[in-house]
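Only one structure is covered here, and it is reproduced in the block below.
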Amino acid sequence: MAGAGGGGCPAGGNDLQWCFSQVKGAVDEDVAEADIISTVEFNYSGDLLATGDKGGRVVIFQREQENKSRPHSRGEYNVYSTFQSHEPEFDYLKSLEIEEKINKIRWLPQQNAAHFLLSTNDKTIKLWKISERDKRAEGYNLKDEDGRLRDPFRITALRVPILKPMDLMVEASPRRIFANAHTYHINSISVNSDHETYLSADDLRINLWHLEITDRSFNIVDIKPVNMEELTEVITAAEFHPHQCNVFVYSSSKGTIRLCDMRSSALCDRHAKFFEEPEDPSSRSFFSEIISSISDVKFSHSGRYMMTRDYLSVKVWDLNMESRPVETHQVHEYLRSKLCSLYENDCIFDKFECCWSGSDSAIMTGSYNNFFRMFDRTTRRDVTLEASRENSKPRASLKPRKVCTGGKRKKDEISVDSLDFNKKILHTAWHPAENIIAVAATNNLYIFQDKVN
Amino acid sequence: MFARGLKRKSAEDGEDVEGGLAGTQATPSYSLQRQSLLDMSLVKLQLCHMLVEPNLCRSVLIANTVRQIQEEMTQDGTWRVVAPQAAGRAPLDRLVSTEILCRSVREQEGERPAPDVGDGRMPGLVPGLSAVPSAQALRSPQSSLWEVDSSRENRGGFQKSLDQIFETLESKTPGSVEELFSDVDSSYYDLDAVLTGMVGSTQSGHGSGLQAFTSAATPPPGSSCRSDLGELDHAVEILVET
């Protein structure tokens, strides 16, 4: 939809009617481990949507041009490019496999005809160039049309090769490989607003890279204790500020966020701001720390707020107020009484991501049973929706879902004990300008759009 | 498993209530739940994938949970308050780690119990405690296991890792869980290899993990557990320890 500006979209959440648009991926009940989607990301214009999976592959979808004869139908996303980004590796020194799973993809802003993205697994970050080729040269002097070299002595005349159109081919090539800088598992990458540098964060360290330089990086945060026995806290996520190229934040497993300014010192171990909500003593349990661990942190597009996701809630913080968040939204509070079971089956360690709508008026995050939640910050309303093949008729409206916490279960409600904890929505993405969302449900990618009036 | 979260006891209410750390008198049901949580946590820490590096965040969170439980148990001196009827329960069903943490400070400082594995007798214990093989008793069969295979000096590294785990569990000071992270980069994986090689399939419930460990304490003929590890692992062990 040409011309849709960043501030033009209406508020999300309940003011919109969300409809099914597309679903990508196998229908098969048997899910291949390698097909499980591990990251989803729109590019800056929203025309491209990238997914990474556990098998190390990246699939990029491109939005089709609007069909002029059907002005009310939005462009659909179709496969644009597929490539193997990372392969499984073996660390011989530790006798351990390095998984090829793509942990994160981040797009670079587009500067020419080609598209660039960063993709990372646990140890290595790669810069990929995705370019189109729709012409090829014909009429070379030194080789035949089929590529065989011609005998130079037989060439009696010279000609200028000419460009002829060919079927569109999309090529992905690795332009940079940033390796060997992380001892621990990379959990985040973030491109700086200067478009020249980016950061990569693992459990204990954050490194700053220049996109052109692969053989060295600067360590800007290091929380590794001298004595590993004293380790009680790890880094869980990190992100650059969208406008201030010297500012970044990182979150921890103890529910704290530190904002750092790279101008103050080379090693940003001392934070400029420290965000932590005081604990509620009445709800303290042995699981308090685990559920306070932050799994994702995202700046708002405006750069004035940031959002954090912990196990049960999403919190919006004003960067000017460190003492507590300005908003707290409960994602699935009904799980609080089930924490022991969720600890036993390891679900309590699931890392959910969160995202902002283009105008920052709404936020979205995933839950279990293929449910995902949207919170409208303006109207203060929230809705629970489900990504399932049963609701997958074209332009079918999504019906709000409700979880019944106890007592009498109403019709259409689902009880907590019936939730499928294997169907978790960890990765979601919101188009930067329009109300189009991408939701990863295990090995399927759902795309939903708002109903055009 | 538990339908509800582990909660703090309030008054004489037998029901589960959210909670943890501030010193109300622990009832048997709360103690049992807390103990079970502790057992589960210890098993989670020890049972990791053999081939892929364990998730550090998860390990840190579980270790912190174990530390919290240890601190609370130290504060309310729970190991002294085990009800008599609990003592009569089948000792071999209890996990070894349970008893280690339940042993009194006096016991730990005092003489070491004789390494009687599996016969349930535990001389010198505070009366009322269930009798199970102690950590030290368990360690001796482990040592003897390795002594059978004594031609391989590099076993010292493995023994060290295992010792660290058990020293941690026996230690007088609360918060000794930090030792679980000493040399986490290398010996942690060695420990995994040892446990996986010895215990075999480890994905079952929290009880059977260390229980299998206990039963594996009786030395198998020769070095069968060692031979389960591949040549490559052996070579890497040597590399890692140098």
Side-chain angles (χ1 to χ4, degrees), chain A residues 88 90-99 101 122-123 183-185 187 202-204 224-225 227-237 252-254 281-295 335-346 348-351 416-417, chain B residues 1-8 16 18-22 33-34 36-38 40-41 44 49-65 67-69 72 164 168 176-186 188-190 193 205-206 230 232-233 235-237 239-240:
Chain A
F90 197 78
D91 181 340
Y92 288 95
L93 209 54
K94 293 183 183 174
S95 189
L96 293 167
E97 275 185 10
I98 299 171
E99 286 188 313
K101 172 168 76 89
D122 285 338
K123 299 284 185 180
T183 310
Y184 304 97
H185 291 179
N187 52 55
D202 66 29
D203 295 314
L204 299 179
K224 181 178 184 208
N227 212 342
M228 276 297 269
E229 299 164 10
E230 291 159 11
L231 179 66
T232 59
E233 190 173 12
V234 300
I235 297 170
T236 52
S252 83
S253 56
K254 287 196 170 175
S282 67
S283 65
R284 179 121 181 81
S285 76
F286 287 121
F287 304 110
S288 293
E289 184 183 311
I290 298 178
I291 63 169
S292 75
S293 174
I294 291 172
S295 51
L335 295 182
R336 192 179 287 272
S337 56
K338 309 280 180 191
L339 291 178
C340 202
S341 308
L342 294 164
Y343 179 72
E344 197 206 359
N345 64 17
D346 268 5
I348 207 174
F349 301 107
D350 285 337
K351 291 188 188 295
V416 186
D417 298 311
Chain B
M1 254 298 115
F2 304 112
R4 286 177 271 189
L6 192 61
K7 297 172 176 181
R8 183 216 324 236
D16 303 342
E18 265 310 306
L21 293 191
Q33 283 204 323
R34 180 175 62 186
S36 183
L37 180 64
L38 178 66
M40 200 196 307
S41 303
K44 276 182 187 298
H49 296 287
M50 183 168 72
L51 277 183
V52 180
E53 257 175 295
N55 183 329
L56 188 63
C57 181
R58 178 177 172 274
S59 305
V60 166
L61 290 172
I62 298 172
N64 290 351
T65 307
R67 192 180 290 115
Q68 278 181 57
I69 298 174
E72 188 178 289
Q164 277 170 354
T168 296
S176 53
V177 173
E178 287 92 356
E179 292 182 18
L180 281 167
F181 282 116
S182 54
D183 303 329
V184 69
D185 289 340
S186 57
Y188 201 74
Y189 311 125
D190 302 344
H206 67 281
L232 178 62
D233 291 338
V236 169
E237 287 150 12
L239 278 172
V240 167

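Please read these numbers as outputs of a predicted model, since none were measured by experiment. Throughout, a chain's letter reflects where its sequence line sits, starting with A, and its residues are numbered from 1.
- Note that CG of B:N64 and OG of A:S288 are 12.5 Å apart. Values are rounded to the nearest 0.5 Å.
- B:V60 and A:E233 get closest at one heavy-atom pair: CG1-N, 3.9 Å.
- Partner of B:C57 under the side chain to side chain contact (heavy atoms under 4.5 Å, CB included) criterion, chosen from A:I290, A:N187, A:V234: A:V234.
- A:S253 touches chain B through backbone and side chain together, each having a heavy atom under 4.5 Å away.
- Separating the CD1 atom in B:I62 from the CG atom in A:D346 is a distance of 6.5 Å, to the nearest 0.5 Å.
- The heavy-atom pair separating A:R284 from B:Q68 by the smallest distance is NH2-OE1, 3.3 Å.
- Interface remark: A:I348 contributes no atoms to any contact with chain B (heavy atom separation under 4.5 Å).
- Nearest heavy-atom pair, B:T65 versus A:F286, reported as atom, atom and distance to 0.1 Å: CG2-O, 3.9 Å.
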>> Could you walk me through whether B:L61 and A:Y343 satisfy the side chain to side chain contact (heavy atoms under 4.5 Å, CB included) test, starting with their C-alpha distance in whole Å, then the side-chain angles of each, then the deciding distance to 0.1 Å, before giving a yes or no?
In response: CA-CA 11 Å; B:L61 290 172; A:Y343 179 72; over 6 Å; no
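- For A:T236, the part lying under 4.5 angstrom from a heavy atom of chain B is the side chain only.
- For the atom pair CZ (A:F349) and CG (B:N55), the distance works out to 8.5 Å, reported to the nearest 0.5 Å.
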